[in-house]
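Step one of this worksheet: look at the structure below.
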2 protein chains.
Amino acid sequence: MEDKDPQFCPIAQAADIVTESWTPLILREALMGSHRFNEFKRAIPQISPSTLSRRLTTLTEAGILEKSSSRDDARGLEYHLTEAGEELRPVIIELGKWGIRWVRRKANLGKHDAAAMMWDMKRCVDAEVLPDERFVVKIEIRGVEKRARDWWLLFEEDGNTDLCLQPPGHDVALKVVATMETWADVWLGHRPIHEAIDGGDMRLEGDRLLQDSIEDWIGLSVLAPTPRP
Amino acid sequence: MEDKDPQFCPIAQAADIVTESWTPLILREALMGSHRFNEFKRAIPQISPSTLSRRLTTLTEAGILEKSSSRDDARGLEYHLTEAGEELRPVIIELGKWGIRWVRRKANLGKHDAAAMMWDMKRCVDAEVLPDERFVVKIEIRGVEKRARDWWLLFEEDGNTDLCLQPPGHDVALKVVATMETWADVWLGHRPIHEAIDGGDMRLEGDRLLQDSIEDWIGLSVLAPTPRP
DNA sequence: CAGTATCCTATCCGATACTG
DNA sequence: CAGTATCGGATAGGATACTG
């Protein structure tokens, strides 16, 4: 391993820190705005708590994250990017752009992917374009384990959005149904959402206005606009 | 490890390939124009041949390198970047820019660093600005093991440059002496070369014209121009 | 909830030796 | 020279259980 004998090459030094397993994903989450242990945990479901703990410590020691006691009521720490950490954004983004352009290995999509996508989706929905009402959109992901199949996006009047794995007890204004494969293709921008809808791979039921404006409010992955080869 | 259960997140997929140990350095070399097994080997002295072999195979299977039989006389294969591989340049460069800006861990500089730097330096010297003559510059690196201390840059009439660990049997037109620490600082652009010379940390002996134009022909690391925080 | 400690296993890397 | 095969040891990550 490089670490045995640290190199003076800056690429080697940066790689020693950034390329540890799981670290790019942790950085992605931090750059997307996650701050709490369990925010990282649920966005990266496969990581074990011990490894996540170790990585957060390592990144803190490397000057990429800073620990601070929680702002408000909650206990536990918060993790915030330092200036150095923020400057890793281009590294992670370029990595993602490359991945979306060139990796064609088909992953076996499962519950972890569904969960990771949903938490990211929750972050990306654009409530600005939506009416200032409280309403619920149900997302159904076919072909994954039951526990990760049904999700509810709860839009609050104040523009905040919550994601639940249980029905939040309001009427569902819109239901969107597709297989995980279709969701992944749409989410990553491999396929325009209207093409999936018109092709019958994604089904919408409920409020017409929400249906017609789905492209505007649903918000895809930050990597979706990347041009393809 | 992420590999257990491949994710659909493009950052995770790219990371699975690019962030294996040694791979960023192998990519750096490929991007800088290395093609042969031993070019990689001597530019990354710490890697074991088995690991290098495995990585070159992995990168080929991932569609980043292509193996081809050697162009000219030599036996063995050549490794060339595919289009996908070439597009990793921004990832590696951003990694290096981050490293040069933010990593402050002092490496214990030794023979491997000296060798890696010298082979890179050989690639970066700009013979264009030099007279079309055959002449030799000796580089002396104080503070490293004897075997990596003395290097000779041999400039040929045709503009080609060779690097030797033995005196090539021509008169030395210029000798440049500094500790490895100073060489590293100058090479990486942490410190202007004239500052090191004027400060007495780098000593030049020989041809005045070569001395006066050293900044023009010596060619620093591609990362040297990176602005510092 | 927000992590940490322990233990065990799998893996992966380097050393060495070998081959066309 | 240009790699590849084998082997043994280190290490790092997951599972599990635990704590304030």
In this structure, how many angstroms lie between the [atom2] atom of [N] and the [atom1] atom of [X], rounded?
X      : N      : atom1 : atom2 : result
B:K41  : D:dG3  : NZ    : P     : 13 Å
A:H112 : D:dG14 : NE2   : P     : 11 Å
B:R55  : C:dG14 : CZ    : P     : 8 Å
A:F37  : D:dT19 : CZ    : C1'   : 14 Å
B:L77  : D:dA2  : CG    : P     : 10 Å
B:I47  : C:dC13 : CD1   : C1'   : 10 Å
A:F40  : C:dA2  : CZ    : C1'   : 13 Å
A:E39  : C:dC1  : CD    : C1'   : 13 Å

Once you round to the nearest 0.5 Å, how far does CH2 of B:W98 lie from CZ of A:R89?
14.5 Å
Quick one: CG on A:N108 to CD on A:E181, what's the gap to the nearest 0.5 Å?
8.5 Å
Among C:dG3, C:dC13, D:dG3, the one nearest B:S21 by side-chain distance
C:dC13
Nucleotide paired to D:dT6 in any strand shown, Watson-Crick or G-U, under 3.5 Å:
C:dA15
Scanning all shown strands, the Watson-Crick or wobble mate of C:dG20 with both distances under 3.5 Å is D:dC1
Show your reasoning for whether side-chain contact (heavy atoms from CB on, under 4.5 Å) applies to A:K138 and A:W152.
CA-CA 4 Å; A:K138 183 184 178 197; A:W152 286 266; 3.7 Å; yes
Out of the candidates B:T161, B:L130, B:V137, only one should pair with B:V125 under the side-chain contact (heavy atoms from CB on, under 4.5 Å) rule; please name it.
B:T161
Below 4.0 angstrom from OP1 or OP2 of [N], is there any side-chain N or O of [X]?
X     : N      : result
A:T51 : D:dG13 : no
B:Y79 : D:dG3  : yes
A:S50 : C:dA5  : no
A:R54 : D:dA12 : no

A:R36 with A:E78: basic N within carboxylate O range, under 4.0 Å
yes
